[in-house]
Amino acid sequence: QVQLVESGGGLVQAGGSLELACAVIGGSVSRSTMGWFRQAPGKAREFVSTITGSEGKISYLDSVKGRCTISRDGAKNTAYLQMNDLKPEDTAVYYCAATNRPYIAIQEADYEHWGPGTQVTVSS
C-alpha cells in the first residue's frame with residue numbers, strides 16, 4: 001500500500017517562499033507520476049503541477065508558472081514543490097498524489113494515492 005506524507009506547509013508573508021515535500025512510502029517516486037493539487041476554502045481542489053514517472057515530463061497550472069518548481073529525489077524517495085513569490089491567493093491545503101499512469105495527469109481521477117495535505121497560508 002502506497003502512502004504519501006506531505007510536509008513543509010506553514011504561514012508566510014506575500015512574496016515569500018516555501019518548499020513542500022512529499023515522502024513516498026511503499027512505492028517509488030522515480031517510477032510514479034507525482035502530482036500536486038490544492039484546495040482553497042470554499043473552492044474545488046485544483047491541479048498545481050505534475051512530473052511523469054518515466055520521462056520526467058512536467059506541467060504547471062498557468063497561475064503558478066515561473067513561481068513553482070516540481071522535482072523529485074529518488075534517493076530520498078521524495079517529491080518536492082518549491083514555491084516562490086507566494087501570493088495570498090496561493091493560500092490552500094496542498095495535496096500530494098501519485099499514480100502509475102506514465103503520462104501528464106492533471107485530473108484528480110487520474111491519481112490513486114493521496115496524502116492528507118499540508119496547509120499553506122500566505123498573508124498580505
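Values reported hereafter were calculated over all heavy atoms of this structure, with side chains retained and with hydrogens, waters and symmetry mates removed.
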> Would Leu18 end up clustered with Leu11 when hydrophobic side chains under 4.5 Å apart are linked, directly or stepwise?
Replying inline: no

Let me confirm one number: the [atom1]-[atom2] distance from [X] to [Y], rounded to the nearest 0.5 Å.
| X | Y | atom1 | atom2 | answer |
| --- | --- | --- | --- | --- |
| Leu86 | Ser123 | CG | OG | 10.0 Å |
| Lys57 | Ile104 | NZ | CD1 | 7.5 Å |
| Ser63 | Asp90 | OG | CG | 7.0 Å |
| Phe47 | Ser59 | CZ | OG | 4.0 Å |
| Asn77 | Arg31 | CG | CZ | 8.5 Å |
| Tyr111 | Ile106 | OH | CD1 | 9.0 Å |

What heavy-atom pair brings [X] and [Y] nearest, and what distance separates the two atoms?
| X | Y | answer |
| --- | --- | --- |
| Thr33 | Gly53 | OG1-N, 3.1 Å |
| Pro88 | Ser124 | CG-CB, 3.8 Å |
| Cys22 | Leu4 | SG-CB, 3.9 Å |

Are [X] and [Y] side-chain neighbours, meaning at least one heavy-atom pair lies under 4.5 Å?
| X | Y | answer |
| --- | --- | --- |
| Val2 | Glu112 | no |
| Thr69 | Leu81 | no |
| Glu108 | Arg45 | yes |

Exercise. Members other than Ile25 in its cluster, when Ile, Leu, Val, Met, Phe, Trp, Tyr link by side-chain heavy atoms under 4.5 Å?
Worked result: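 Under the 4.5 Å side-chain rule, Ile25 groups with Val5.
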
Crowded around Arg101 CZ? As in, over 12 foreign heavy atoms under 6.0 Å? yes

**Message:** Taking the ring of Phe37 and the ring of Trp114, is the distance between their centroids below 6.0 Å?
**Reply:** yes

Exercise for review: Apply side-chain hydrogen bond (donor to acceptor under 3.5 Å, both in side chains) to the pair Thr50 and Tyr103, showing each step before the final yes or no.
Suggested key: CA-CA 9 Å; Thr50 185; Tyr103 49 77; over 6 Å; no

Cys96/Met34 under side chain to side chain contact (heavy atoms under 4.5 Å, CB included): CA gap, chis, key distance, verdict:
CA-CA 7 Å; Cys96 174; Met34 302 299 297; 3.6 Å; yes

Original post:
Taking 4.0 angstrom as the limit, do Glu89 and Lys87 come out as a salt bridge?
Top reply: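 So Glu89 does not pair with Lys87 through a salt bridge.
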
task = State plainly whether the residues Lys65 and Asp62 are in salt-bridge range, i.e. N to O under 4.0 Å.
result =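 Salt bridge present between Lys65 and Asp62.
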
Give a yes or no answer on whether the side chain of [X] reaches the backbone of [Y] with a donor-acceptor pair at less than 3.5 Å.
| X | Y | answer |
| --- | --- | --- |
| Tyr60 | Ile70 | yes |
| Ser32 | Val29 | no |
| Glu6 | Gly117 | yes |
| Glu19 | Gln82 | no |

CA sep, side-chain torsions, deciding dist, call: Leu20, Val120, side chain to side chain contact (heavy atoms under 4.5 Å, CB included)
CA-CA 9 Å; Leu20 306 183; Val120 171; 4.0 Å; yes

Contacts of Lys76 meeting side chain to side chain contact (heavy atoms under 4.5 Å, CB included) (sequence neighbours excluded), chain-then-number -> Asp73, Thr78, Tyr80

(request) Before giving the answer on side chain to side chain contact (heavy atoms under 4.5 Å, CB included), spell out for Thr121 and Val12 the whole-Å C-alpha distance, their side-chain angles and the decisive distance to 0.1 Å. (result) CA-CA 6 Å; Thr121 303; Val12 64; over 6 Å; no

Tell me whether Arg38 forms a cation-pi arrangement with Tyr95, defined as NZ or CZ under 6.0 Å from the six-membered ring centre and within 45 degrees of its axis.
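Geometry flag: not set, cation outside 6.0 Å or 45°.
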
Margin query: Hydrogens and angles aside, do Thr99 and Asp110 bring a side-chain donor and acceptor to less than 3.5 Å of each other?
Written below: no

